[in-house]
Every structure is written in C-alpha cells, then in structure tokens.
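All figures in this text were calculated on a predicted structure; none of them were measured in a lab.
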Amino acid sequence: MNFMRLLPVAKQCFMNVPAGLYLGAAAMGVHVLATCLGSEFVYAIYHTTVFRIVRHGHDFTLGLLPWGSIYWVIGFLAFYLVFLTVVPRQERKAKKISLASKACRGVIHFGGFVLFLFYFLWGFEYYRPSLDKTLAIPPIAPDSVFLKNEFAEITALLCEERERFSAVTKTYPPFLEDSLRSLQESLLASWALPVYGRVRVRLLYPEGLLLRFATAGVYVPFVNEGHIDAGLHPLQWPFTMAHEMAHGYGFTDEGECNFIGLLTCMRSGDPWIRYSGLLAYWRYVYSDVAARHPVFANDIRSQLTEEVRSDMKGIRAQLAKYPNVLPEMREWMYDVYLKSHGVRAGVYSYNQLPLHIFRWKQSKYHFAFRRIERQNR
C-alpha cells in the first residue's frame with residue numbers, strides 16, 4: 001500500500017475537523033492526566049499557573065468596569081453560534097456544503113469550545129482538596145447536644161444582631177462588595193491559602209432570572225464573575241454574595257462556599273452583614289434540629305423577636321414573587337452535575353453548613369462570633 005497517497009486524505013480529514021473538537025478533547029485529556037498522575041498534582045499546577053493568570057487577567061481589566069461582563073459575552077456567543085451555523089448561499093453553492101452539514105460542524109465546534117473554556121477558566125478547580133483536608137480539620141460529625149446548643153445560641157445571637165440596625169437599604173450599596181472581598185481575602189489568608197485577583201459579584205437582571213430556578217446566585221466561569229439575582233431580598237445579599245465570591249476564589253463545593261460565606265459575614269463589624277450570614281445559618285441548623293427534635297426546635301423558634309419574624313416573612317414573600325420553573329428537573333440535573341465533578345453529597349452539600357461549623361469549632365482556626373463582633377466595634 002502506498003501510504004503517500006493517504007497523506008492528502010488524512011490532511012483533508014484533519015482540516016475538516018472542527019477546532020472546538022480538539023479543544024474539548026484537550027480538556028478531557030487533562031482529566032485523563034489527573035487520573036494517571038493524581039488530581040491534587042494537576043490541581044496544584046493549574047491553580048498556581050492557569051487559574052492565577054485567568055483571575056488577574058480578568059479582575060484587573062474587565063473586572064474594573066462598572067457593569068458586568070455577562071451581558072456582552074452572551075451577545076457575542078449568540079452571534080458567534082449563528083455565524084458558525086449559517087453560511088451565505090453563494091459560499092454553500094461554491095463549496096457544495098449543505099446547511100445541515102455546516103450547522104452540525106458549527107455545533108460541534110461551539111460545544112467543544114465551551115467545554116474547553118469551562119475547564120480552562122475554572123472547572124479544574126474541582127480537583128481542589130477538601131477544606132477539611134487542607135486545614136487538617138478532624139472529620140467528626142455533630143451530635144444532638146451540639147445541634148441543640150448551637151440552635152439556641154444562634155437564635156439568641158440572631159435576635160441580638162437584629163436589634164443593632166433598624167432598616168436595610170433597598171439599593172445595592174457600593175461598599176458591600178469591597179467590604180466582603182476584604183473580609184474574605186483576610187479569612188483565606190489566615191488559613192495560609194493563596195488569594196488571586198479581586199473577584200467581582202454583580203447584580204443580575206432581569207429580576208427573578210435565577211430565583212425562578214430556585215437559585216439565589218451563580219458564578220459564571222465564562223465571565224469570571226459571580227452574580228446574585230436582582231430580585232433577591234436585601235437581607236440575603238451579603239451572605240449570597242460572599243458565597244459566590246468563594247466560588248470565584250476557586251472553591252467548588254457548595255457546602256464549603258456556604259461555610260466560607262458565613263465566616264466572611266461573621267468577621268464583619270456591620271450588623272447587617274452579620275445578620276445576613278446568621279439568617280442563612282439559622283435556616284440550616286433549624287432544618288437539622290427540626291428533623292431530629294421537632295418540639296425543641298419549635299420551642300427555641302418561638303423565642304425569635306417580632307423583627308426577625310417579620311424579616312423571614314418578608315424574605316418568603318419576596319421569593320414567592322418568582323415561582324419555581326421545573327424545580328425537580330433543575331435539582332436532579334445539578335445533583336448529577338455536582339456528583340460527576342467529585343462533590344459526593346451533590347445538592348445536599350448546601351445543607352452541610354452545620355457540619356462544617358461543628359468541625360471548624362474543633363480546630364485551631366475557630367473564633368467566637370460574639371468576640372469578633374465586639375473587637376470590630
């Protein structure tokens with residue numbers, strides 16, 4: 001067989017393969033490499049090189065703009081997808097390329113390109129070791145005594161913090177993002193973890209875009225920015241923003257981002273920020289306690305002040321404005337996605353916040369919520 005005759009054919013096949021397919025294959029190749037060499041090894045290289053460059057490259061250029069990148073990026077991607085799938089009639093006739101063939105090649109190219117960008121910009125952070133392992137926090141589970149004591153303490157602290165402010169702004173305060181970023185970077189630095197860039201978290205419009213899918217916020221790797229729904233109740237802004245900011249600094253586990261978000265809020269001297277974190281934490285602890293000790297949970301809940309009850313009612317009323325769309329499907333899809341990326345608990349990882357706090361309280365990194373608040377005053 002004359003292999004020289006096959007070269008033009010091979011070259012033609014190579015040229016006809018969409019470039020996005022090669023990029024997508026390259027991303028999958030890294031996964032294979034992680035399997036062979038170890039995921040933590042691959043993560044260490046990626047986090048200190050590629051991710052570091054990506055963070056600084058965005059945060060000190062587009063991240064400095066007053067508007068979010070997501071809007072023009074969506075517009076560009078939509079235009080690009082149309083450009084890949086639609087060919088002028090004369091070009092199709094000249095090259096004898098059918099519209100269906102061109103559309104198929106365009107979708108393959110676009111899909112591979114998106115897959116590559118997802119992992120290149122952020123997705124390989126799923127190889128990050130757990131915080132428990134990184135901080136050498138003992139892997140122990142909370143018992144009923146801890147949950148009861150924690151619920152009683154957090155309920156009292158929640159009411160105390162609510163007494164320290166009388167109203168909440170209905171507009172997005174410019175200081176909030178900078179304040180939370182400073183607090184979170186300080187928290188991560190206290191754990192000797194590297195902090196790259198200055199993560200942005202934007203309000204996402206139109207209102208209810210995320211809330212209709214039972215989501216308060218989202219980190220979008222393709223624009224390197226976090227977002228919170230513009231229709232979210234203001235009392236939920238600080239905690240949700242701190243959660244999405246943690247994603248931006250390279251944390252992928254939802255429970256760990258809840259944990260970092262809460263501690264970020266509790267390092268603040270602003271009662272509104274602290275109260276937002278405590279409201280979120282109270283809900284998770286209450287859910288755990290109510291499932292095991294419903295009578296006790298209701299007794300402690302009855303101790304909430306009228307202001308706190310009113311705030312909770314206001315949050316529920318705000319969320320009710322945006323009924324969920326296909327909540328079961330959304331939860332199933334996200335659960336599959338998380339588990340396929342190494343988050344064993346799936347969507348339940350959100351509910352592991354009390355577990356993270358319990359373990360953290362047994363570690364050298366623990367600080368008393370009340371003591372920190374008084375020091376900051």
Side-chain angles (χ1 to χ4, degrees), residues 128-162 164 180 183-193 195 238-240 242-243 245-246 249 251-271 273-293 296-297 299-301 303-304 308 343-345 348-377:
R128 174 190 284 271
S130 69
L131 264 181
D132 287 347
K133 184 175 182 178
T134 301
L135 303 180
I137 295 178
I140 51 181
D143 54 18
S144 295
V145 174
F146 167 79
L147 288 174
K148 285 184 175 182
N149 292 340
E150 186 75 356
F151 186 52
E153 180 180 346
I154 294 304
T155 300
L157 184 56
L158 183 69
C159 296
E160 290 177 15
E161 290 297 338
R162 185 61 182 88
R164 293 187 169 95
L180 290 173
L183 291 166
Q184 190 162 118
E185 290 180 352
S186 174
L187 172 68
L188 298 178
S190 72
W191 295 342
L193 297 178
V195 177
F239 175 78
T240 307
H243 173 105
M245 193 171 284
Y249 282 119
F251 295 89
T252 53
D253 187 285
E254 298 295 354
E256 291 184 353
C257 287
N258 269 350
F259 171 63
I260 294 172
L262 173 60
L263 295 189
T264 297
C265 291
M266 296 314 297
R267 289 174 71 92
S268 174
D270 188 316
I273 294 177
R274 291 167 55 79
Y275 183 67
S276 177
L278 287 169
L279 269 176
Y281 183 41
W282 187 91
R283 179 170 61 89
Y284 287 113
V285 179
Y286 172 73
S287 178
D288 277 3
V289 174
R292 305 184 190 189
H293 312 283
F296 175 82
D299 286 344
I300 299 299
R301 184 179 182 180
Q303 299 175 16
L304 292 173
V308 175
V343 182
R344 295 181 181 179
Y348 181 74
S349 59
Y350 284 97
N351 299 76
Q352 293 182 326
L353 181 54
L355 171 64
H356 286 292
I357 292 297
F358 173 73
R359 292 175 175 176
W360 168 73
K361 286 191 172 184
Q362 319 304 315
S363 73
K364 64 180 180 180
Y365 302 101
H366 169 245
F367 59 78
F369 288 166
R370 281 190 172 89
R371 187 179 71 247
I372 291 296
E373 186 273 334
R374 287 167 182 163
Q375 286 179 350
N376 285 330
R377 281 188 176 277

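Listed by first and then second residue, the salt bridge (charged side-chain N to carboxylate O under 4.0 Å, His left out) pairs that reach into residues 135-151 are E150-K361, sequence neighbours excluded.
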TODO: Just do the side chain to side chain contact (heavy atoms under 4.5 Å, CB included) check on F296 and I300 with the steps written out, would you?
DONE: CA-CA 6 Å; F296 175 82; I300 299 299; 3.7 Å; yes
- [ ] With side chain to side chain donor-acceptor pair (under 3.5 Å) as the test, would you mind laying out the steps for T264 and Q184 before giving the verdict?
- [x] CA-CA 5 Å; T264 297; Q184 190 162 118; 3.1 Å; yes
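The aromatic rings of Y350 and H243 lie parallel to each other, their planes meeting at an angle below 30°, with 60° marking the opposite boundary.
Here the straight-line distance linking atom CG of L188 with atom CD1 of I260 works out to 5.5 Å at 0.5 Å rounding. Taking CE of M245 as the reference point, atom CD of E185 lies at 8.0 Å (rounded to 0.5 Å). The distance from atom CG of L353 to atom OH of Y281, rounded to the nearest 0.5 Å, is 6.0 Å. From Y286, atom OH reaches atom CG of L158 across 14.0 Å, with rounding to the nearest 0.5 Å. A distance of 7.0 Å separates CD1 of I137 from CH2 of W191, quoted to the nearest 0.5 Å. Between the CZ atom in R359 and the CG atom in L135 there is a gap of 12.5 Å [rounded to 0.5 Å].
A heavy-atom distance below 4.5 Å is found between the side chains of I140 and F358. A 4.5 Å side-chain heavy-atom check between P139 and D132 finds every atom pair outside the cut-off. Residues F259 and L355 have side chains not in contact (no heavy-atom distance under 4.5 Å, counting atoms from C-beta outward). Counting only heavy atoms from C-beta outward, the side chains of L193 and L131 approach each other to under 4.5 Å. Annotation: side chain of L262 is in contact with side chain of M266 (closest heavy-atom distance under 4.5 Å). Considering only heavy atoms from C-beta on, F369 comes within 4.5 Å of L263 through its side chain. Looking only at side-chain heavy atoms (C-beta outward), L278 and F239 stay at 4.5 Å or farther from each other.
Of all heavy-atom pairs spanning S190 and R267, the tightest one is OG-NH1, 4.4 Å. Contact detail for H293 and S144: the closest heavy-atom pair is NE2-OG, 3.2 Å. Annotation for L183 and S268: closest pair CD1-CB, 3.5 Å, computed over non-hydrogen atoms. Closest approach of Q362 to P138, counting heavy atoms only: CB-CG, 4.1 Å. Closest heavy-atom contact between P238 and L180: O-CD1, 3.5 Å. Across all non-hydrogen atoms, the minimal contact from P271 to R164 is CB-CB, 3.7 Å.
By the side chain to side chain donor-acceptor pair (under 3.5 Å) test, T155 pairs with W282, sequence neighbours left out.
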